[in-house]
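Presented below is the structure to which this report refers.
Labels below follow one simple rule: chain letters A, B, ... track the order of the sequence lines, proteins then strands, and each chain is numbered from 1.
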There are 2 protein chains.
Amino acid sequence: MVKREAQREQTASMEDYLEAVAMLRGKGKVVRVSQISRKLKVTMPSVTSALRKLSEQELVEHERYGHIKLTPEGDKVARDVLRRHKALTRFFAQALGINQETAEEDACKIEHVISPLSLERMIKFIEFIQACPLEEPNFPKRYKYYLEHGQLPKECLERSVRRGK
Amino acid sequence: MVKREAQREQTASMEDYLEAVAMLRGKGKVVRVSQISRKLKVTMPSVTSALRKLSEQELVEHERYGHIKLTPEGDKVARDVLRRHKALTRFFAQALGINQETAEEDACKIEHVISPLSLERMIKFIEFIQACPLEEPNFPKRYKYYLEHGQLPKECLERSVRRGK
DNA sequence: CCGAATTGTTAGACATGTCTAACAATTTTA
DNA sequence: TAAAATTGTTAGACATGTCTAACAATTCGG
């Protein structure tokens, strides 16, 4: 069995910096310390300090006053954080009906601590309710009704009654 | 409008200590530093140090070599952490079908960072699928089938076909 | 009731990650 | 192009929370 390169576990902070670089890079242009600083709401010295550490681990390339880019390894880590971020955001927004802003905020925190299993299940959950709407009005619709009115939609109540529950 | 007592925000660590005291207290007996130490997997000096800080904030009562108990205020905080913990565990286990151990682990991390809104929605979600099984075989059953077999249960497929999807 | 084991505390080192102040480099603009 | 604004870095303080080593108090078993 091949021993896989031990991908060093990153702290929540370091994951945030890697993720920020990946996100900012997307928008054309060069990534700047000031942008990261604004995005993560930390001061520029904090960014410089973090980049130094990530450079030492060869996850980013960064030279004084120069460019900031992810190494292939750093890119791998950043992509994985982003994957978790997106899955969580989607789950909160689509499955739980949370507003986009709060969904993002929660995703930002939870992406650093959730287990691979739970994440996978959330992804599967979304896949499921999208692929299998169950009926019209479907599950998400009914759930939305329940959230908005504080009581079960009439179809559910009818069923309960019919089943003598 | 009455200005509510600003309940000091606690760090994840301090919440863990308060939660641990509340949990251990449940099992009869006096709460001991060594128990907290074992439960949270930290050394005893770490516990002593944390208890000192929480004492200063009047969230616990603790005198050298003596008893450890929550003040009414500390109890309030601890109960809220426990509430989040339980809701999350339940959500992971019952809604997502995660095993109890992983559900607990994830709850332990996420309880410190989740927004009140998302938590509330998770609670509502569980209430909903419990109260409104939708049909036989109901939603959780179908979802379980999907997880186990990697494909939609036949009822869903039939529906999709019928709807020409 | 006394010695051993356990429990708990203190002191202080250390890691992480933040900040402010001061200064340096770069970029913008008048 | 020179001054001003912006951007970035360094140095060092600080907060949090962990640990080990050493010692002190308490509890337990014979």
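- Note on Lys109(B) versus Glu105(B): no salt bridge recorded, every NZ/NE/NH1/NH2 to OD/OE distance being 4.0 Å or above.
- Regarding Ile68(B), its CD1 atom lies at a distance of 14 Å from the P atom of dT26(D), rounded to whole Å.
- Contacts of Glu104(B) classified as side chain to side chain donor-acceptor pair (under 3.5 Å), with partners at least two apart in sequence or in another chain: His85(B).
- In the helix from dC1(C)-dG30(D) to dA30(C)-dT1(D), the rotation axis of the first five pairs and that of the last five pairs differ in direction by 10°, rounded to 10 degrees.
- Distance alone, capped at 3.5 Å, is enough to place a donor-acceptor pair between the His112(B) side chain and the Cys108(B) backbone.
- A salt bridge does not link Lys76(A) to Asp80(A): none of the charged side-chain nitrogens sits closer than 4.0 Å to a carboxylate oxygen.
- Taking atom NE2 of His67(A) as the reference point, atom C1' of dT7(D) lies 17 Å away to the nearest angstrom.
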Checklist entry - Taking protein heavy atoms under 4.0 Å as touching, what does nucleotides 15-27 of chain C look like 5' to 3' if B marks base contact, S marks sugar-phosphate-only contact and - marks none? => result --BBBBB--BS--
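- Across the protein-nucleic acid pair, Leu40(A) atom CG and dG8(D) atom C1' stand 16 Å apart, rounded to whole Å.
- With sequence neighbours excluded, the residues forming a side chain to side chain contact (heavy atoms under 4.5 Å, CB included) with Ala93(A) are Gln100(A), Ala103(A), listed by chain and number.
- Paired with Pro45(A) under the rule side-chain contact (heavy atoms from CB on, under 4.5 Å), one option of Thr43(A), Val42(A), Val47(A) passes, and it is Thr43(A).
- Partners of Asp75(B) under the side chain to side chain donor-acceptor pair (under 3.5 Å) rule, at least two apart in sequence or in another chain, are Arg25(B), Arg79(B).
- Between His62(B) and dT9(C) there is a side-chain polar atom (N or O) within less than 4.0 angstrom of OP1 or OP2.
- Applying the side chain to side chain donor-acceptor pair (under 3.5 Å) criterion to Arg52(A), with sequence neighbours excluded, gives no partner residue.
- In this structure, Gln35(B) places its CD atom 14 Å from P of dT27(D), rounding to the nearest Å.
- At whole-Å resolution of the value, CG in Leu51(B) and P in dT9(C) are 7 Å apart.
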